[in-house]
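Heads up, the thing below is written out as structure tokens.
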Amino acid sequence: MRIAETTDKVANLLFEASARLEPEYGSDASIEARAILAGVLGCGTTDLFLRSREEVGPLFRDRFFELVERRLKREPVAYLLGSMPFFGIEFVATPDVLIPRPETELLVECALEILSRIPVNPKRVLEIGTGSGCIAVALALRSSSASILATDVSSPALNVARENARRVGVADKIQFTQSNLYTEISSGKTGHFDMIVSNPPYVRTREMRGLDPDLGYEPRVALEAGEQGLDVICPLVSGAPRFLKPGGILALEFGIDQSNLISELMVANRFDKLMIHKDFRGLDRVIQGEYRGSI
Ligand code: GLN
């Protein structure tokens with residue numbers, strides 16, 4: 001539903017799209033419109049100010065309004081545009097994978113810190129639930145000596161992760177395997193990973209309904225984890241000792257109000273030197289602990 005007399009200058013398109021999105025997004029409508037138009041034109045949102053008088057061709061204009069209509073139905077911008085920046089890298093994002101979140105950059109920062117302290121080379125990393133591959137790819141890119149085994153239960157997700165590793169040029173540093181937690185991973189006699197890293201599903205079932213409607217487009221298996229949100233974290237933590245070297249580190253992202261239970265779980269599974277890191281909102285978000293080895 002376009003207003004016929006308007007011209008197709010950037011500023012007009014943004015004005016028109018903001019009005020269209022306003023009933024759903026209120027005062028954020030223009031932010032939404034800008035994000036979509038910048039994606040369609042392949043520029044940054046701030047560039048749109050400089051380009052406001054620029055004429056937009058009919059193909060771009062039609063594509064833009066098509067995406068605005070989809071956004072009106074709450075489809076996430078990352079899926080509309082097919083990509084999402086994370087840790088300074090552009091990642092392919094499809095509905096087969098969880099959209100990389102800014103808070104997960106904290107997990108990557110912690111994991112890089114941990115890797116920088118591991119003296120051996122290569123540093124062997126296992127990632128559980130790689131999704132888009134954003135964590136594994138960022139680690140492979142920023143840590144020269146990491147050798148990563150990245151797993152996911154979903155084979156379509158692994159295809160996206162492989163594609164991301166290939167695009168970023170780190171495919172030779174990451175091996176991808178379909179596995180439900182540790183089912184397809186061989187542990188060896190003593191466990192041979194220096195670090196296990198994961199952003200598992202951790203949202204409580206009852207919280208799923210109250211969440212942002214955009215989340216309805218994302219894979220449920222990547223988000224929801226039972227009554228307490230711990231259905232995946234519990235076996236993930238209790239299984240980790242079989243796969244870690246003594247002194248190896250487990251680093252996990254988790255959700256609101258889960259830090260006490262997860263700390264207890266880590267201690268019960270022979271992890272110590274626990275550290276909890278807060279995200280940019282000031283919420284406990286990442287835990288790391290060192291495996292003490294078997295008795
Ligand atoms: N932080 C995400 C969210 O609430 C959840 C990600 C996850 O379950 N790993 O949208």
Side-chain angles (χ1 to χ4, degrees), residues 25 28 32 35 71 74-80 84-87 91 93-111 125-139 150-154 156-158 160-161 164 179-182 195-237 239-240 250-263 265-266 276-288:
Y25 296 96
D28 287 340
E32 296 290 336
R71 185 68 187 127
R74 284 283 176 168
E75 199 171 332
V77 174
Y79 292 155
L80 297 178
M84 177 75 186
F86 175 85
F87 218 75
F91 283 92
T94 76
D96 287 321
V97 300
L98 191 77
I99 298 165
R101 310 281 207 263
E103 56 266 37
T104 304
E105 294 181 340
L106 174 67
L107 180 60
V108 174
E109 277 163 20
C110 294
V125 179
L126 170 62
E127 189 197 359
I128 301 290
T130 194
S132 65
C134 64
I135 297 169
V137 168
L139 292 181
T151 69
D152 205 286
V153 68
S154 152
L158 285 169
V160 176
N164 278 318
S179 178
N180 186 356
L181 285 168
Y182 303 104
M195 177 170 74
I196 297 176
V197 64
S198 182
N199 171 21
Y202 53 70
V203 179
R204 295 171 181 86
T205 302
R206 75 186 128 83
E207 280 173 358
M208 285 297 290
R209 248 169 286 129
L211 291 176
D212 195 331
D214 294 25
L215 267 79
Y217 286 84
E218 295 190 87
R220 230 181 150 83
V221 66
L223 285 165
E224 188 185 338
E227 205 67 10
Q228 292 182 290
L230 297 173
D231 283 9
V232 176
I233 287 182
C234 280
L236 204 165
V237 172
L250 173 62
L252 297 177
E253 181 174 319
F254 62 87
I256 293 167
D257 296 333
Q258 294 174 337
S259 58
N260 288 344
L261 280 172
I262 295 173
S263 302
L265 193 62
M266 300 255 300
I276 291 174
H277 306 272
K278 287 187 192 298
D279 68 13
F280 59 90
R281 294 192 183 88
L283 300 171
D284 289 349
R285 182 61 66 190
V286 168
I287 188 164
Q288 69 179 72

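Ligands are counted one by one from 1 in listed order, and the atoms in each one are counted from 1 as well.
In this structure, E109 and H277 have side chains that are not in contact, with every pair of non-hydrogen atoms separated by 4.5 Å or more. Taking 4.5 Å as the limit, some side-chain heavy atom of V108 sits within range of a side-chain heavy atom of L139.
With sequence neighbours excluded, no residue forms a side-chain hydrogen bond (donor to acceptor under 3.5 Å, both in side chains) with T94.
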Once you restrict both partners to nitrogen or oxygen, which atoms of ligand 1 have a protein partner under 3.5 Å, and how far apart are they?
unit_1	atom_1	unit_2	atom_2	d
ligand 1	1 (N)	E103	OE2	3.3
ligand 1	1 (N)	Y202	OH	2.9
ligand 1	8 (O)	Y202	N	3.3
ligand 1	9 (N)	N199	OD1	2.7
ligand 1	9 (N)	P200	O	2.7
ligand 1	10 (O)	R101	NE	3.3
ligand 1	10 (O)	R101	NH2	2.8

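With respect to the salt-bridge test (charged N to carboxylate O, under 4.0 angstrom), the residues D214 and R71 qualify.
Nearest heavy-atom pair across G131 and D152 is N-OD2, 2.8 Å.
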>> If you apply the rule side-chain contact (heavy atoms from CB on, under 4.5 Å), what do you find for I262 with L230, and how did you get there?
In response: CA-CA 8 Å; I262 295 173; L230 297 173; 4.0 Å; yes
